[in-house]
Asker: 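Below are the structure tokens for one structure; questions will follow.
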2 protein chains.
Amino acid sequence: MTARTTSAKTLGARTLGEGARDIPEATVARLPVYLRALTSLAEAGTRTCSSEDLAAAAGVNSAKLRKDLSYLGSYGTRGVGYDVDYLRYQIAREIGVTQDWPVVIVGIGNLGHALANYSGFRSRGFRVVALLDADPERHDEVVAGVDVRPFDDLEQIVADQGVAIGVIATPALAAQDVADRMVACGITSILNFAPSVLSVPEGVDVRKVDLSIELQILAYHEQRKAQTA
Amino acid sequence: MTARTTSAKTLGARTLGEGARDIPEATVARLPVYLRALTSLAEAGTRTCSSEDLAAAAGVNSAKLRKDLSYLGSYGTRGVGYDVDYLRYQIAREIGVTQDWPVVIVGIGNLGHALANYSGFRSRGFRVVALLDADPERHDEVVAGVDVRPFDDLEQIVADQGVAIGVIATPALAAQDVADRMVACGITSILNFAPSVLSVPEGVDVRKVDLSIELQILAYHEQRKAQTA
DNA sequence: CTCGTTTTGTTCTCGCGTTCACAAACTCCT
DNA sequence: AGGAGTTTGTGAACGCGAGAACAAAACGAG
Ligand SMILES: NC(=O)c1ccc[n+]([C@@H]2O[C@H](COP(=O)([O-])OP(=O)(O)OC[C@H]3O[C@@H](n4cnc5c(N)ncnc54)[C@H](O)[C@@H]3O)[C@@H](O)[C@H]2O)c1
Ligand SMILES: NC(=O)c1ccc[n+]([C@@H]2O[C@H](COP(=O)([O-])OP(=O)(O)OC[C@H]3O[C@@H](n4cnc5c(N)ncnc54)[C@H](O)[C@@H]3O)[C@@H](O)[C@H]2O)c1
């Protein structure tokens, strides 16, 4: 789904030390879920939990959970379980959310406004450093404490703040252009909400969130249910 | 990822006729992408396309595309390719977007507003029939031509309009309650934007869209890139 | 110290999905 | 009509991920 060639990396990484573990993509996608479940448990005052407990909170199979965690190392204690805070820190460190990631959002329309106002960003290590839009009428509006600036400020902001992650919330037609500009000035991870296929050079990760695809998948199953009934 | 037990269905379906084809989940998830690519091609005036062309437009491998399409039937012509309009109709029919699906959205905050204003719904066979919110201050506001109504109107609306698909855009804490109410009054497909694990009975499909998980996956890969560099 | 209990970490097996490769089928040109 | 060139549809090989099952490790009781 991404432009990334994870397979080629298996041999390329350094064999020295232990910074070269290769975590399966399916596991990476579940680690944030575990992180959220652990945070819930911690807030509820739980100090320790078994793989069964955590799996239930995360909505997965406990065998799968243990296998996933085993890729990170042995952070549990047999016969006891996992220390909630300790495991939480280890997962957070592995994902990289112990540090702060500056993020720019491009396209401050309906969706861009909602994203800018979303509190789930900051609480998970992401900091919205800029809101950019091509339409001059949007400029100087302040959304969630950040003011909307011209799209042409992109290069300056990315360079100044060391931005690596960009979010695209423009119409589909503009998305490829925006992505090209982002890539050109050094952004290497893109989250795309526009319904368009982006082409980016190797080494740049793209993930897309496509609402209408999700609805169509639901519709397909709904139709099947109606047929058999 | 969903609560659906597709595996158990393989035998249960009727063997008579041809309405019982079992399309792999991975393929179902790509059909909407092909549909969109075909629409683009049609709008550009293309009447016919090869699997290479369509695969490029959809951002996938052409072998995968052909195999996906083969689950629907043989709608291409060897040596020629696919008729764009004909294939488009066949995929649309298979997914179920030739009919109109009424949808309710619950939780008309930042995200709910954006969703209600999203034009990509109607253009793909989804019709927003109601916007519901528990907060009385939101009521009677009109968003995109639909007025916001009390959450307690849910049962009435679902019954009157035959709604099968519900969208949850409330805070995480309310999501499970909303889902329970939806299920109780007959909704069998849920699209959940709240960052919480929903538990629903068998036969109900849940798909979740979780923005911060997507960002964390990007962050993970970003961190890896930084390490090896 | 030993035994039983609990729970992790890992091995093994199975099924699904991806990709390659090619025969079958169609068009067009001579 | 026949052969060359295209492009589909699918059989087969392969790799990854899910889940079951179990051995290894920790803990507590006696
Ligand atoms: N609204 C939703 O709920 C929703 C849901 C899913 C997907 N989407 C997609 O997200 C995208 C945005 O949706 P929206 O409803 O916010 O649209 P919108 O029209 O409200 O906002 C788009 C914004 O992008 C800006 N823009 C246009 N071209 C630009 C460019 N080249 N550079 C920078 N900014 C540019 C516009 O000025 C506008 O402010 C669309 O592609 C849409 O399909 C929206
Ligand atoms: N804003 C975003 O971009 C964004 C992105 C990803 C995920 N989310 C998630 O989507 C959800 C909504 O986000 P938001 O920013 O729109 O929040 P919000 O607070 O702006 O809106 C939530 C709305 O839900 C209503 N509500 C609360 N409890 C309800 C109930 N029991 N029944 C019906 N309605 C109820 C509230 O009155 C409010 O209008 C949250 O779970 C959030 O984590 C938001």
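Order of the sequence lines fixes the chain letters, A, B, ..., with proteins taken first and strands second; residue numbering starts at 1 for each chain. When reading the values below, keep in mind they use all heavy atoms of this one structure, side chains included, and skip hydrogens, waters and symmetry mates. The structure displayed is predicted, hence computed values, not measured ones.
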Asker: Say whether, by atom type as modelled, one donor and one acceptor occur between the side chain of Q176(B) and the main chain of S199(B) under 3.5 angstrom.
Answerer: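 The answer is yes, because a donor-acceptor pair under 3.5 Å joins these two groups.
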Asker: Can you check whether Y82(B) has a side-chain N or O nearer than 4.0 Å to OP1 or OP2 of dG9(D)?
Answerer: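 So the side-chain polar atoms of Y82(B) do come within 4.0 Å of the phosphate oxygens OP1 or OP2 of dG9(D), strictly under.
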Asker: Quick check on DNA chain D: between V80(A) and S70(B), whose nearest nucleotide comes earlier from the 5' end?
Answerer: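 Whichever sits nearer the 5' end wins; that is S70(B).
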Asker: A side-chain contact here means heavy atoms from C-beta on lying under 4.5 Å apart; do Y71(A) and E94(A) qualify?
Answerer: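 Of all side-chain heavy-atom pairs linking E94(A) with Y71(A), none is under 4.5 Å.
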Asker: Does CZ in R93(B) sit with more than 12 non-hydrogen atoms of other residues, nucleotides or ligands closer than 6.0 Å?
Answerer: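 Result for CZ/R93(B): enclosed.
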Asker: Mind checking the CG-CZ spacing from L198(A) to R207(A)? Nearest 0.5 Å is all I need.
Answerer: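 Rounded to the nearest 0.5 Å, the CG-CZ separation comes to 13.5 Å.
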Asker: In residues 46-65 of chain B, which residues come under 4.0 Å of DNA chain D by heavy atom?
Answerer: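 Contacts with DNA chain D under 4.0 Å: S50(B), S51(B).
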Asker: Please give, in whole Å, the distance from dA25(D) C1' to R66(A) CZ?
Answerer: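 Rounded to whole Å, this separation is 14 Å.
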Asker: Can you tell me how far CD1 of I165(B) sits from CD1 of I190(B), rounded to the nearest 0.5 angstrom?
Answerer: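 So the gap between those two atoms works out to 11.0 Å.
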Asker: Find the distance Y71(B):OH to dT8(D):C1' and express it as a whole number of Å.
Answerer: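 The answer, rounded to whole Å, is 15 Å.
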Asker: How close or far is atom P of dG17(D) from atom CD of E25(A), stated in whole angstroms?
Answerer: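 Spelled out: CD on E25(A) to P on dG17(D) is 8 Å.
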Asker: Ignoring backbone atoms, test whether R30(B) places a side-chain nitrogen or oxygen under 4.0 Å from the OP1 or OP2 oxygen of dT18(C).
Answerer: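 Yes, such a contact exists.
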Asker: Counting heavy atoms from C-beta on, name the nucleotide in dC22(D), dG17(D), dG19(D) closest to the side chain of K67(A).
Answerer: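 Closest nucleotide among those given: dG19(D).
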Asker: Would you classify Y75(B) as touching base, sugar-phosphate or nothing, given that sugar-phosphate means primed atoms plus P, OP1 and OP2, and contacts are heavy atoms under 4.0 Å?
Answerer: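 Sugar-phosphate only.
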Asker: Whole-Å distance between dT10(D) C1' and L72(B) CG?
Answerer: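 Atom CG in L72(B) sits about 15 Å away from atom C1' in dT10(D).
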Asker: Among dA21(D), dT8(D), dT18(C), find the nucleotide with the atom closest to the side chain of A26(B).
Answerer: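 The answer is dT18(C).
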Asker: Taking C-beta and beyond as the side chain, do D177(A) and T170(A) meet within less than 4.5 Å on heavy atoms?
Answerer: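 Heavy-atom side-chain distance check fails, nothing below 4.5 Å.
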Asker: From dT8(D), dT10(C), dT8(C), pick the nucleotide closest to the side chain of R78(A)?
Answerer: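 Looking only at side-chain atoms, R78(A) lies closest to dT8(C).
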Asker: Output the rounded distance in Å from CG (D68(A)) to C1' (dT8(C)).
Answerer: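 Those two atoms, CG and C1', are 14 Å apart.
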Asker: Distance from L69(B) atom CG to K64(B) atom NZ, nearest 0.5 Å?
Answerer: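 Going from the CG atom of L69(B) to the NZ atom of K64(B) covers 13.0 Å.
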